A.B. asks: 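Next up is a structure, given as structure tokens.
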Number of protein chains: 2
Amino acid sequence: MLQASADIDTSATLTERQKAVLDAALRLLVEEGDNLTMTAVARRASCSKETLYKWFGDRDGLLTATVQWQASKVRVVPVDGEKLDLASLTASLEGFASDWLKVISSDTSIALNRVAVGHAGSGKDDLGAIVLENGRFALARRLKPVLLAGKQAGLLDFADAETAFRSFFGLVARDVQIRLLLGDRLELTEAAIGGDAVRATQQFLALFGAKTGPQGL
Amino acid sequence: MLQASADIDTSATLTERQKAVLDAALRLLVEEGDNLTMTAVARRASCSKETLYKWFGDRDGLLTATVQWQASKVRVVPVDGEKLDLASLTASLEGFASDWLKVISSDTSIALNRVAVGHAGSGKDDLGAIVLENGRFALARRLKPVLLAGKQAGLLDFADAETAFRSFFGLVARDVQIRLLLGDRLELTEAAIGGDAVRATQQFLALFGAKTGPQGL
DNA sequence: GGCAAGCCGTACCGTACGTTACGGTTCGCC
DNA sequence: GGCGAACCGTAACGTACGGTACGGCTTGCC
């Protein structure tokens with residue numbers, strides 16, 4: 001909720017070389033978790049520690065820069081809420097669901113969430129806030145317009161978009177993220193994700209679909 | 001899923017003094033997160049480091065013992081699935097929901113999940129498995145009999161108890177746990193938890209309630 | 001060519017912390 | 001009272017790692 005400004009165009013101020021270094025740090029983070037060392041990053045990125053400190057100031061600085069760099073890579077196009085019928089709404093929801101499942105089950109997301117959760121305990125940096133802002137809250141920002149358009153079109157019925165979103169979120173994610181973060185092996189094949197997406201969407205529509213149906217017909 | 005034996009009667013083999021030490025470690029874990037030091041635990045528990053190492057072998061040993069000790073404290077009575085009508089089923093589900101919300105929003109649960117998530121990255125110990133086993137999987141084991149009884153009584157309709165459970169889980173927890181783990185301030189008052197519990201239960205019944213109603217009447 | 005800036009590689013320093021060692025004290029037992 | 005075991009408090013050791021310093025190399029500019 002803070003970070004509203006901190007996540008804008010950090011990529012603009014980064015040189016190509018710096019991006020490459022952050023990519024290396026990211027890969028290392030996925031492999032090693034939070035116990036990566038500055039020397040390891042330097043070696044992997046073929047740069048000197050002095051450079052790391054000059055550019056990012058600090059180990060925490062490097063970590064936050066890495067997280068922000070990854071966040072900036074997944075910036076997505078906002079869906080346009082035109083031409084809304086039940087089919088397109090369903091398709092849109094299914095798309096959101098399967099995208100989200102793909103994200104939270106990806107190696108990089110798991111690694112990033114792990115370090116952010118770990119750091120959230122002792123409030124040295126705002127990794128948790130950044131991840132939250134670019135994950136769950138970004139999803140809400142993108143999904144709510146769709147929900148509101150669905151309500152406008154008489155396809156959905158809810159009092160509060162936030163509440164509706166959180167129920168959708170729960171139906172999609174269920175126990176997947178916490179299990180993955182805690183190290184549970186959980187095979188999420190493309191097919192399983194697709195199936196979960198349609199199931200979650202159907203359940204959501206069953207709960208929040210307008211009783212009257214599209215009233216215009 | 002492993003840990004099936006590792007969580008039984010660890011408390012039986014512990015002396016009172018050892019339990020006190022683990023309680024101290026637990027309190028410290030809540031306050032300091034994963035960056036607690038052996039010296040701090042020793043000081044807080046008024047014991048010597050030598051004793052810590054003799055009893056728990058290792059820092060990781062102390063951590064796992066602490067987590068298991070906390071897990072052993074929340075062992076609960078299995079609900080009996082007799083006298084099942086819609087009212088009692090609803091009450092039971094609401095009870096599970098509010099209990100679960102209370103657990104995952106408690107300070108100790110947050111702290112324990114944080115360290116477990118952190119350690120799940122580099123597989124030194126099985127903290128993640130332990131937490132999972134005594135958290136999400138324990139909940140499933142307790143809830144599934146209720147669900148099956150509800151199905152038996154014609155109140156619920158589902159093909160697979162696991163799938164039904166996971167939907168219930170999602171409707172109850174939604175984004176609460178991940179937000180709390182990532183450091184989001186999230187006021188969960190007693191009243192809010194109660195409200196969420198009935199909402200989640202209603203949604204679950206709307207999705208999985210038998211279309212026919214209790215047919216025996 | 002000369003020079004300055006940026007960067008690589010590496011050696012170095014300081015410190016925090018896990019782990020071990022040891023002297024002193026209590027307590028149960030003979 | 002004497003003895004051994006368990007334990008407390010603390011000092012000491014080893015090491016890993018964050019952070020800094022420095023010498024050499026490239027690159028672009030004059």
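Proteins come first, then strands; the chains are lettered A, B, ... in the order of their sequence lines, and each starts at number 1. None of these values were measured; they are calculated from a predicted model.
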A.B. asks: Looking at A:V176, A:L101, A:D99, which one forms a side-chain contact (heavy atoms from CB on, under 4.5 Å) with A:I193?
C.D. replies: A:L101
A.B. asks: I need the residues from residues 24-39 of chain B with at least one non-hydrogen atom less than 4.0 Å from DNA chain D; give them sorted by number, or say none.
C.D. replies: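 When residues 24-39 of chain B is checked for heavy atoms under 4.0 Å from DNA chain D, there are no hits whatsoever.
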A.B. asks: So how far is it from A:E94 CD to A:T201 OG1, rounded to the nearest 0.5 Å?
C.D. replies: 4.5 Å
A.B. asks: Is it the case that over 12 heavy atoms from other parts of the model lie below 6.0 angstrom from the CG atom of B:D60?
C.D. replies: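 Yes, enclosed.
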A.B. asks: Return the residues of residues 43-61 of chain B meeting this criterion: a heavy atom under 4.0 Å from some atom of DNA chain C. Order them by number, or give none.
C.D. replies: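 By residue number: B:K49, B:E50, B:Y53, B:D58, B:R59.
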A.B. asks: Is it true that atom CG of A:N35 has more than 12 heavy atoms of other residues, nucleotides or ligands lying nearer than 6.0 Å?
C.D. replies: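 Atom CG in A:N35 is packed in, count exceeds 12.
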A.B. asks: Tell me: CD of B:Q18 to C1' of D:dC8, nearest whole Å?
C.D. replies: 16 Å
A.B. asks: Report the distance from atom CG of A:D175 to atom CG of A:L180, rounding to the nearest 0.5 Å.
C.D. replies: 9.0 Å
A.B. asks: Check whether more than 12 heavy atoms from other residues, nucleotides or ligands sit under 6.0 Å from atom NZ of A:K144, and answer yes or no.
C.D. replies: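 Yes, enclosed.
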A.B. asks: Kindly compute the distance separating OG (B:S167) from CD (B:E162), expressed to the nearest 0.5 Å.
C.D. replies: 10.0 Å
A.B. asks: Can you spot which of A:R44, A:Q18, A:K73 makes a side-chain hydrogen bond (donor to acceptor under 3.5 Å, both in side chains) with A:D23?
C.D. replies: A:K73
A.B. asks: Restricting to nitrogen or oxygen on both sides, can you table the protein-nucleotides 27-29 of chain D pairs closer than 3.5 Å?
C.D. replies:
none

A.B. asks: Answer whether the closest heavy-atom distance between the side chains of B:N113 and B:Q177 falls below 4.5 Å.
C.D. replies: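 The answer is yes; the side chains approach within 4.5 Å.
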A.B. asks: In the structure I gave you, are the side-chain heavy atoms of A:R136 and A:R166 within less than 4.5 Å of one another anywhere?
C.D. replies: yes
